[in-house]
Number of protein chains: 2
Amino acid sequence: MTGMEETPTRPPLEPVLATPAYVVLGMVRLGSRSGYEIKQTVEQSIRFFWTISQAQIYPSLELLERTGLIEGREEPQGRRRRRVFQVTPAGERELERWLEREEPMPFELRDVGMVKLFFADAMEPESAARLLQAVQARSEERLADLEQISEVALQVEREGNAHPMLTLRMGIAFHRAMIEVCEQFAEEASLARSR
Amino acid sequence: MTGMEETPTRPPLEPVLATPAYVVLGMVRLGSRSGYEIKQTVEQSIRFFWTISQAQIYPSLELLERTGLIEGREEPQGRRRRRVFQVTPAGERELERWLEREEPMPFELRDVGMVKLFFADAMEPESAARLLQAVQARSEERLADLEQISEVALQVEREGNAHPMLTLRMGIAFHRAMIEVCEQFAEEASLARSR
DNA sequence: TTGTACATGTAAAGGGTTACATGATTCC
DNA sequence: GGAATCATGTAACCCTTTACATGTACAA
């Protein structure tokens with residue numbers, strides 16, 4: 001921070017959008033055209049670390065258009081209405097500004113499965129083992145999902161976007177890590193039970 | 001459940017509590033006595049995969065006491081008020097019932113850092129590298145925190161509660177996995193940049 | 001005496017999802 | 001002809017956090 005040439009009170013000149021709006025902006029930039037398509041793309045790309053509901057998408061699109069960051073036009077399919085969007089130069093800049101902005105990035109995890117495991121010493125050992133198994137199975141399912149997406153990510157990578165593959169690898173790595181810990185602990189616990 | 005003397009339509013006899021209430025119940029069972037203490041314990045144990053604010057804790061304690069799952073009594077420290085709680089046999093049973101209940105356990109992760117990384121192909125390569133570095137640093141810090149807690153978890157384990165150590169190991173494993181992926185990708189990207 | 005920790009309580013605001021509403025198109 | 005998919009819009013609800021309010025004890 002230089003601080004020297006700043007005026008004492010500095011109101012933010014450009015309105016700072018909320019994260020969902022930036023997500024929508026980013027998805028339009030990556031080629032999602034309609035609100036419906038954005039929802040689908042989110043589900044098969046970032047849903048592992050970010051979700052967004054329809055009820056957020058359409059108002060976000062409206063806001064982005066009002067502030068000139070995207071431009072939309074009607075492009076109906078037959079008689080079915082449809083509004084498609086593309087990012088404006090201003091939108092491109094604002095997306096970069098957000099990406100580069102240094103801001104707190106809390107890693108927010110909410111997992112009832114892990115909470116239950118934390119308290120699992122209150123259970124019968126066999127029940128605790130079943131719970132552990134359920135948590136492991138969940139990660140295995142998720143891992144299978146993620147590995148399926150690899151094909152798409154590889155295609156996206158060839159088209160010049162290498163970072164979706166990075167976040168995919170993170171997801172894979174970290175469910176693998178979960179599974180490994182589950183397996184280790186299950187073994188230790190089963191030894192302890194048989195003693 | 002005997003079932004015979006029940007009326008045809010069977011409304012849930014025992015009210016199903018929300019997760020925060022079960023978390024509070026579980027913490028009281030593990031030895032947290034006051035609301036204040038519960039908050040502290042959560043911060044140094046499960047905050048990595050579950051948070052709970054003061055504004056949820058006190059009403060939860062009230063609810064748990066009303067439904068007979070915990071029992072409280074005033075135990076002031078000098079002139080400073082303080083209400084301490086302990087789990088009743090009914091509370092013990094209800095906690096187990098919740099732990100054993102098979103219910104969906106969504107793994108909910110919300111991470112602006114990963115979202116930004118996903119879109120990072122829109123940045124200058126150097127900026128993207130900085131962002132990656134920031135995400136890696138964040139996991140390194142978190143890892144250090146978690147490793148610090150190990151001592152406490154080890155003590156808890158000796159006292160007969162092995163599962164807090166399990167969830168701690170999960171946290172450690174999965175930030176290590178994140179760091180590893182960051183390092184790998186950084187190397188690949190730096191090679192690509194120098195070409 | 002001033003700041004920090006202990007201790008509880010709650011109103012208001014915020015952010016998000018669910019659910020409903022509407023209608024066209026396509027596939028079986 | 002009916003179900004699933006495409007497509008948009010929004011009101012109501014729910015959960016959670018933030019912020020404020022109040023007061024004691026203790027250490028620097």
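To find a chain, count down the sequence lines: A is the first, B the second, and so on, and within it residues start at 1. Below, all heavy atoms of this structure are taken into account, side chains as well, without hydrogens, waters or symmetry copies.
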| request: Give one of base, sugar-phosphate or nothing for A/Pro20, where a contact means two heavy atoms less than 4.0 Å apart. | output: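 The residue A/Pro20 makes sugar-phosphate contact but no base contact.
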| task | Remember a base hit wins even if backbone is also touched, and classify A/Arg110 as base, sugar-phosphate or nothing at under 4.0 Å, heavy atoms. | result |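 Sugar-phosphate contact only.
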| What orientation do A/Phe48 and B/Phe107 show, parallel under 30°, tilted 30 to 60°, or perpendicular over 60°? |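 Taking B/Phe107 first and then A/Phe48, their aromatic rings lie parallel (interplane angle under 30°).
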With 3.5 Å as the limit, what N/O pairs link the protein to nucleotides 7-10 of chain D?
residue: D/dA7; atom: OP1; partner: A/Arg82; partner atom: NE; Å: 3.2
residue: D/dT8; atom: OP1; partner: A/Arg83; partner atom: N; Å: 2.9
residue: D/dT8; atom: OP1; partner: A/Arg83; partner atom: O; Å: 3.3
residue: D/dT8; atom: OP2; partner: A/Gly35; partner atom: N; Å: 3.2
residue: D/dT8; atom: OP2; partner: A/Tyr36; partner atom: N; Å: 2.9
residue: D/dT8; atom: OP2; partner: A/Tyr58; partner atom: OH; Å: 2.8
residue: D/dT8; atom: O5'; partner: A/Tyr58; partner atom: OH; Å: 3.4
residue: D/dT8; atom: O3'; partner: A/Arg81; partner atom: NH2; Å: 3.0
residue: D/dT8; atom: O4; partner: A/Gln54; partner atom: NE2; Å: 3.4
residue: D/dG9; atom: OP1; partner: A/Arg81; partner atom: NH2; Å: 3.2
residue: D/dG9; atom: O6; partner: A/Gln54; partner atom: OE1; Å: 3.0

d([atom1], [X]; [atom2], [N]) in whole Å:
X       : N      : atom1 : atom2 : answer
B/Ile57 : D/dT17 : CD1   : C1'   : 12 Å
A/Trp50 : C/dG15 : CH2   : C1'   : 10 Å
A/Glu75 : C/dT25 : CD    : P     : 15 Å
B/Glu43 : C/dC6  : CD    : C1'   : 16 Å

| said: With a cut-off of less than 4.0 Å, is there a side-chain N or O of A/Thr51 near OP1 or OP2 of C/dT17? | reply: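 Affirmative; the distance criterion is met.
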| request: For A/Tyr58, check ring-ring contact (aromatic ring centres under 6.0 Å, His included) against everything at least two apart and list the hits. | output: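 Per chain and number, A/Tyr58 pairs via ring-ring contact (aromatic ring centres under 6.0 Å, His included) with no residue.
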| said: Return whichever of A/Arg79 or A/Ser53 has its heavy-atom-nearest nucleotide of DNA chain C closer to the 5' end. | reply: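 That would be A/Ser53.
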| Who pairs with B/Glu74 by side-chain hydrogen bond (donor to acceptor under 3.5 Å, both in side chains), at least two apart in sequence or on another chain? |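 By the side-chain hydrogen bond (donor to acceptor under 3.5 Å, both in side chains) rule, B/Glu74 matches B/Arg83.
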| Set of residues satisfying salt bridge (charged side-chain N to carboxylate O under 4.0 Å, His left out) with respect to A/Glu183, sequence neighbours excluded |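 Per chain and number, A/Glu183 pairs via salt bridge (charged side-chain N to carboxylate O under 4.0 Å, His left out) with no residue.
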| Which pairs pass salt bridge (charged side-chain N to carboxylate O under 4.0 Å, His left out) with one or both residues in residues 123-144 of chain B, sequence neighbours excluded? |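 Of all non-adjacent pairs touching residues 123-144 of chain B, those that pass salt bridge (charged side-chain N to carboxylate O under 4.0 Å, His left out) are B/Asp111-B/Arg138.
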| Could you give all pairs that pass the salt bridge (charged side-chain N to carboxylate O under 4.0 Å, His left out) test and reach residues 19-39 of chain B, with sequence neighbours left out? |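 Pairs touching residues 19-39 of chain B that pass the test: B/Arg29-B/Glu92, B/Arg33-B/Glu75, B/Lys39-B/Glu43.
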